[in-house]
Amino acid sequence: MPKLLDMVKRIVIGRALPTEDVQETLLPKRLALPVFASDPLSSVAYATQEILLVLALGGLAYLYLAPWVAVAVVVLMAVVVLSYRQVVHAYPSGGGSYTVVSTNLGPSAGLVVAASLLVDYVMTVAVSVASGVDNIISALPALHTYRTLMAVLFVALLATLNLRGVRESGRVFAAPTYLFITAILLMCATGLLRWLLGDAPVAESARYGIQAAPGQDDLAPLALLLLALRAFSSGCTALTGVEAIANGVPAFRRPKSRNAATTLAVMGGVAVAMFSGITALALISKVHITEHTCDLTPAVTDCAHTPQRTVIAQLAAAVFGGHGFGFFFVQAATALVLVLAANTAFNGFPLLSSVLAQHRYLPRQLHTRGDRLAFSNGIVFLALTAGALLWAYHASVTSLIHLYILGVFTSFTLSQAGMVRHWKHALATERDPAVRRRHHRARATNAVGTVVTASVLVIVLATKFTQGAYLAVIAAVVLWLTMRAIHWHYTTVADELKAVDPAADLRSPTRVHAVVLVSHLQRPTLRALAYARATHPDILEALTVTVEREEADTLRSQWDSLGVDVPLRMLRSPYREITRPAVAYVRSLGRAGPRTVVSVFIPEYVVGHWWENLLHNQSALWLKSRLLFVPDVMVTSVPWHLTSSHRRRHRSPGQAAGSVRRGEPPWPGTAVDTCGTGDSPR
């Protein structure tokens, strides 16, 4: 079975790569763009739709606010991109917002950013995949009943692709991302050209009106402002994922900072062009979209079970026709890139969690690189969490979107504030006038970014908190507390294990009392006795726990007839329990002296087939787990290899199933300690 599983693993994720090949996984700019920027680029596919959905709550009369909301989103995106270019140059080691904030504002503030980003990465996967499924259903409505299943399967597929490695997944995702950019820009250019020529495209929903929500048909000035702010906060989903490039600078080829900054600028320019084009075309073609189809007037037949097509689908149908090649090309490219946009999170989440694990805020296993030099544990954890979220919310974009973008604007705000302090410290020591001028400009850029993103954070929190954003806040708080607790644990353990007095720790025990556990007098038992004797203990004895008197008499008879010159101690167990009497006896031996060490030797079977473990009891494992909690007791397994295990002796350690890997390369000359799993002869 392990060999079969290893074969399947190789087929799915490919052959294992040596640590020395890590440089070969670095990304050129043409692959880094789809890997790290697919989320913000694809977000434009639903950012305009979210703006229109909110404004539609007041009816068609308030759609005139859409251009102003879109302009505000574009300005915000420009400010954030410029600000993060400063981060890329100042902190090329990666970590992005977390590193900036931890360095300049302190570890606690850094953990706030880390917790917010980790939650937001999970939401990125959920929202992107759910939106992609929406666009598939817009082209093929019959798949509506399989929405949740499709979303979960897409997450599993993305996780598998990312387990194959960053560079390989980049090649897979490059073509869909560039096809999506081409499709959207071509659609916008064609639609706007038709409008300029007097043949404006008309959306399929243009003939419908929208019934305003109760109390929203005649808004007071304050309510109108709140509606506009809520639409703006929903449109800010176009900015999600911008920070991923700053987090992933180490994955770029040299010169890392310059390549990352260039990629960030290209991403910002393309995203602004696409978002602006989609919004303009949606207003020209009079797209009327609402959360509930039954709010359309005149009423749609069976409106409760007839979802509206997405804004992108309506625009593609209006520009190219509802059944032509252009329509299906736009829909296919949009659906594919929205699903693959989750790849931004599949790169950002493992990288950030690896940094946090290295700083002892998350379990060290998240710093582990897998077979393909990807951070496998982080990828798997992200996939499981996002899949559970999609299943719980039935892959509904409308339900999930309210949990979104709160975390990303928390990181935006704190990272910009951290950069302001960074430039302040740099100016305190810099004397070159030209360099000081650059620092002043950079500080001004980050100061503007701080004010703008902080304002947006307040707006998002105020407009989305009661609609579900409070769940994201709770998740971030719980994660922050968990990371603090993990760090406290690692720090406490490190302090406890610190070598303060090597002379005392290296002092030999006054007496070693060796105990060999025995169930039957067989070859594994004799080997364990021989090995225990070779360690030259002060006292050596065999120990057995007897349940039946006949078994005890038989063992004593065999012991004497074979002339085994090791004392055999028998413990009676009237209640047929083996572990407790053995542990109690070993514990009593440790009280013989202050520096007495008890060494327990346990003979074990080593088998070659997984199913053979099911045919033997697990008394050895249970005994070891109990004895590990007894002070001054050393437990040694003495393996006895059965015939079935012989064929596995020559298997290469690098190909062994279940082999353990570390996130960093081993030091030259170090040995790898491995433990086999076997069973007690009993």
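FYI, side chains are in, hydrogens and waters are out, and symmetry mates aren't considered; it's all heavy atoms of this structure.
Nearest approach of S108 to R484, heavy atoms of both residues: OG-NH1, 3.3 Å. Of all non-hydrogen atoms in A231 and V54, the two that sit nearest each other are N-CG1, 3.5 Å. Of all heavy-atom pairs spanning V242 and Y84, the tightest one is CG1-CD1, 4.3 Å. Scanning all heavy atoms of the two residues, the minimum distance from G132 to A335 falls at O-CB, 3.7 Å. Annotation for R364 and Y490: closest pair N-OH, 3.1 Å, computed over non-hydrogen atoms. Of all heavy-atom pairs spanning L389 and A126, the tightest one is CD2-CB, 4.1 Å.
Atom SG of C236 is separated from atom CZ of F232 by 3.5 Å, given to the nearest 0.5 angstrom. Atoms CZ and OG1, on F346 and T160 in that order, are 9.0 Å from each other to the nearest 0.5 Å. Remark: I459 CD1 to L226 CG distance equals 10.0 Å, nearest 0.5 Å. I474 CD1 to L479 CG: the interatomic distance, rounded to the nearest 0.5 Å, is 13.5 Å. Atom CZ of R85 is separated from atom OG1 of T263 by 10.0 Å, given to the nearest 0.5 angstrom. In this structure, T148 OG1 and L390 CG are separated by 8.0 Å, a value rounded to the nearest 0.5 Å.
For N446 (side chain) and V420 (main-chain N/O), no donor-acceptor pair under 3.5 Å exists by modelled atom type. Under the 3.5 Å distance criterion, the side-chain polar atoms of R443 are left unmatched by any main-chain donor or acceptor of W423. Not a single donor-acceptor pair under 3.5 Å links the side chain of T103 to the backbone N or O of V100. No side-chain donor-acceptor contact under 3.5 Å links S354 to the backbone of P350. S102 contributes no side-chain N or O that, together with a main-chain N or O of T99, makes up a donor-acceptor pair within less than 3.5 Å. For T450 (side chain) and A417 (main-chain N/O), a donor-acceptor pair under 3.5 Å exists by modelled atom type. In this structure, S131 contributes its side chain and V127 its backbone to no donor-acceptor pair below 3.5 Å. Between the K498 side chain and the A494 main chain, no donor and acceptor come within less than 3.5 Å of each other.
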Can R147 and D134 be said to form a side-chain contact (heavy atoms from CB on, under 4.5 Å), step by step?
-> CA-CA 8 Å; R147 174 190 299 273; D134 261 0; 2.2 Å; yes
Evaluate side-chain contact (heavy atoms from CB on, under 4.5 Å) for D120 paired with T410, printing each intermediate quantity in order.
-> CA-CA 10 Å; D120 204 68; T410 301; over 6 Å; no
Might you work through the side-chain contact (heavy atoms from CB on, under 4.5 Å) test for V452 and T413, ending with a clear yes or no?
-> CA-CA 8 Å; V452 172; T413 303; over 6 Å; no
Just do the side-chain contact (heavy atoms from CB on, under 4.5 Å) check on Y91 and N104 with the steps written out, would you?
-> CA-CA 12 Å; Y91 294 93; N104 296 286; 2.8 Å; yes
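There is no side-chain donor-acceptor pair under 3.5 Å between Q416 and T453. In summary, the side chains of K29 and T262 do not present any donor paired with an acceptor at a separation below 3.5 Å, with no hydrogens or angles considered.
Between V122 and F349, the closest side-chain pair of non-hydrogen atoms falls below 4.5 Å. Side chains of L384 and V155 form no contact here, defined as non-hydrogen atoms less than 4.5 Å apart.
Taking the six-membered ring for Trp and thresholds of 30 and 60 degrees, Y361 and Y98 have ring planes more than 60 degrees apart, a perpendicular arrangement.
Exactly one of L362, L351, L117 qualifies for a side chain to side chain contact (heavy atoms under 4.5 Å, CB included) with L356. That residue is L362.
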